[in-house]
Novice: 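Just dropping this structure here.
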Amino acid sequence: MALFVQKYGGTSVGTVERIEAVADKVKRFRDEGHDLVVVLSAMSGETNRLIGLAKAIQDEPCPREMDVLVSTGEQVTIALLCMALEKRGLSARSYTGGQVRILTDSAHTKARIQDIEVDGMRADLSAGRVVVVAGFQGMDAKGNITTLGRGGSDTTGVALAAALKADECQIYTDVDGVYTTDPRVVEGATRLDRITFEEMLEMASLGSKILQIRSVEFAGKYKVPLRVLSSFVDGPGTLITIEDEDTVEKPVISGIAFNRDEAKLTVIGVPDIPGVASRILGPISRANIEVDMIVQNVAADKTTDFTFTVHRNDFVKAEAILRQVCAELGAREVVGNNKIAKVSIVGVGMRSHAGVATKMFDSLAQDNINIQMISTSEIKVSVVIAEKYLELAVRGLHSAFELDKADTVSE
Ligand code: ADP
Ligand code: ASP
Ligand code: MG
């Protein structure tokens with residue numbers, strides 16, 4: 001008998017029929033004698049619908065009120081699931097994040113979990129109840145409702161599993177595991193039996209929206225056994241593991257991630273003197289705009305070009321700031337492009353293999369795709385390309401690194 005925390009995403013609870021199917025699944029686990037804490041998302045599309053309502057009133061609604069609004073989606077699904085469980089003769093109780101006492105900081109719309117009270121949940125479990133918790137939400141020290149950022153129910157699931165020392169945190173979604181790349185883009189993508197926390201963290205940070213980044217960080221930090229599975233079909237899913245020394249012959253590349261949410265800005269003809277980077281990026285960070293890649297060209301004529309990428313939503317704001325900075329610095333001009341995408345190859349095997357980046361560049365060259373920016377770390381290589389070539393690039397790389405084959409993971 002084990003304690004599982006199971007998180008079901010939006011499509012898994014998208015209709016009453018899907019909620020009934022989740023209830024059947026939960027009943028099967030209960031019949032096998034397991035204790036269950038179930039974390040739910042809102043019905044698919046609901047959070048976007050709520051955000052749409054807010055934006056119809058105000059361009060930038062007050063973050064506190066946004067949290068009061070968007071946290072309602074999860075309250076609907078937890079109640080409905082409890083009803084479906086009761087119908088099946090199971091005892092169940094639903095709780096909002098605040099009721100559990102998932103305590104967070106006060107950073108509305110992107111709050112971080114600070115503490116979780118487990119006594120109430122333990123009492124329910126001992127009384128034979130299924131505990132059903134609204135994902136994505138918590139409460140700050142003053143009792144305000146907070147939310148954890150898009151995709152935040154994953155983090156609720158992992159955090160509850162850590163706090164309860166659950167035997168496994170199972171993330172049920174609409175695909176049957178973590179794939180070599182988004183199976184919606186590459187048909188030949190293959191499911192991985194295992195992936196390391198480190199790789200999963202890179203994949204999530206570089207754009208694979210299968211798991212929220214923070215949930216992977218949390219799982220790594222508290223060593224929560226984490227598995228991604230389908231709520232639609234049975235199967236082993238993908239286990240996110242601590243790096244396994246015994247794993248012989250790891251593939252060099254485990255996966256390919258991509259992100260369409262980026263935009264690129266260049267200040268051309270910047271005087272090549274100390275302090276320029278700080279004078280360009282200072283006002284950007286003070287405007288709360290996050291910068292991702294940064295490239296500065298070698299100066300030829302005592303001036304240089306300074307390029308960086310930001311989230312596409314921040315493009316217009318960043319461009320306006322740069323025009324002012326450009327004038328102050330006496331730089332030539334600012335050019336921007338918001339039709340770019342970032343493609344990254346990820347794998348711990350890169351540490352022990354040379355020539356990985358070259359192979360990536362060769363594959364892009366063969367498809368006649370121009371690389372606009374490059375950045376590397378120990379286990380990833382990322383490139384910025386024109387957005388229109390994204391699918392072509394990902395498919396080309398997927399076959400260049402032989403990820404189409406079924407033998408991507410060996411134990
Ligand atoms: P949920 O609503 O269950 O949280 P998400 O839409 O957040 O589900 O995440 C599941 C989706 O993630 C899949 O439908 C898939 O298109 C996408 N995805 C992106 N990258 C990958 C990957 N490497 N492996 C599997 N799915 C991926
Ligand atoms: N409902 C929230 C969202 O759509 C949280 C989640 O599904 O994880 O982002
Ligand atoms: Mg999700």
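The structure displayed is predicted, hence computed values, not measured ones. Read the numbers this way: they start at 1 and go in the same order the structure lists the ligands and their atoms.
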Novice: So which protein heavy atom does atom 23 (N) of ligand 1 come closest to, and at what separation?
Specialist: Tyr179 O, 3.0 Å
Novice: Please could you name the atoms of ligand 1 that Asp174 approaches to less than 4.0 Å, counting only its heavy atoms?
Specialist: 10 (C), 11 (C), 13 (C), 14 (O)
Novice: Heavy atoms only: which of Met43, Arg191, Gln212, Arg184 is nearest to atom 16 (O) of ligand 1?
Specialist: Arg184
Novice: At what distance is the nearest protein heavy atom to atom 21 (C) of ligand 1, and which residue and atom is it?
Specialist: Asp182 CA, 3.7 Å
Novice: Please determine whether any non-hydrogen atom of Gly73 lies less than 4.0 Å from an atom of ligand 2.
Specialist: no
Novice: On a heavy-atom basis, I'd like to know which of Ile210, Val178, Thr190 is closest to atom 26 (N) of ligand 1.
Specialist: Ile210
Novice: Just to be sure I read this right, does ligand 1 sit under 4.0 Å from the backbone of Ile171, its side chain, both, or neither, counting only heavy atoms?
Specialist: neither
Novice: At a 4.0 Å cut-off, with the gap strictly under it, does some heavy atom of Pro183 reach an atom of ligand 1?
Specialist: yes
Novice: Below 4.0 Å from any atom of ligand 2, is there a heavy atom belonging to Gly151?
Specialist: yes
Novice: Could you identify the single nearest non-hydrogen protein atom to atom 6 (C) of ligand 2 and state the distance to 0.1 Å?
Specialist: Ser153 OG, 3.3 Å
Novice: Distance under 4.0 Å to a non-hydrogen atom of Lys7: what atoms of ligand 1 satisfy this?
Specialist: 4 (O)
Novice: Kindly give the heavy-atom pair with the smallest separation between Ile321 and Pro283, and that separation in Å.
Specialist: CG2-CB, 3.6 Å
Novice: Is the shortest distance from a heavy atom of Gly177 to ligand 1 less than 4.0 Å?
Specialist: yes
Novice: Hey, does the Lys NZ or Arg CZ of Arg18 hover above the aromatic six-ring of Phe232, less than 6.0 Å from the centre and inside 45° of the axis?
Specialist: yes
Novice: Just to be sure I read this right, does ligand 2 sit under 4.0 Å from the backbone of Glu74, its side chain, both, or neither, counting only heavy atoms?
Specialist: side chain
Novice: Under a heavy-atom criterion of less than 4.0 Å, does Glu46 contact ligand 2?
Specialist: no
Novice: Do the ring planes of His34 and Phe29 sit parallel (below 30°), tilted (30 to 60°) or perpendicular (above 60°)?
Specialist: tilted
Novice: Which atoms of ligand 2 are found less than 4.0 Å from any heavy atom of Ser41?
Specialist: 6 (C), 7 (O), 8 (O)
Novice: For ligand 2, which atoms have a heavy atom of Arg150 less than 4.0 angstrom away?
Specialist: 3 (C), 4 (O), 9 (O)
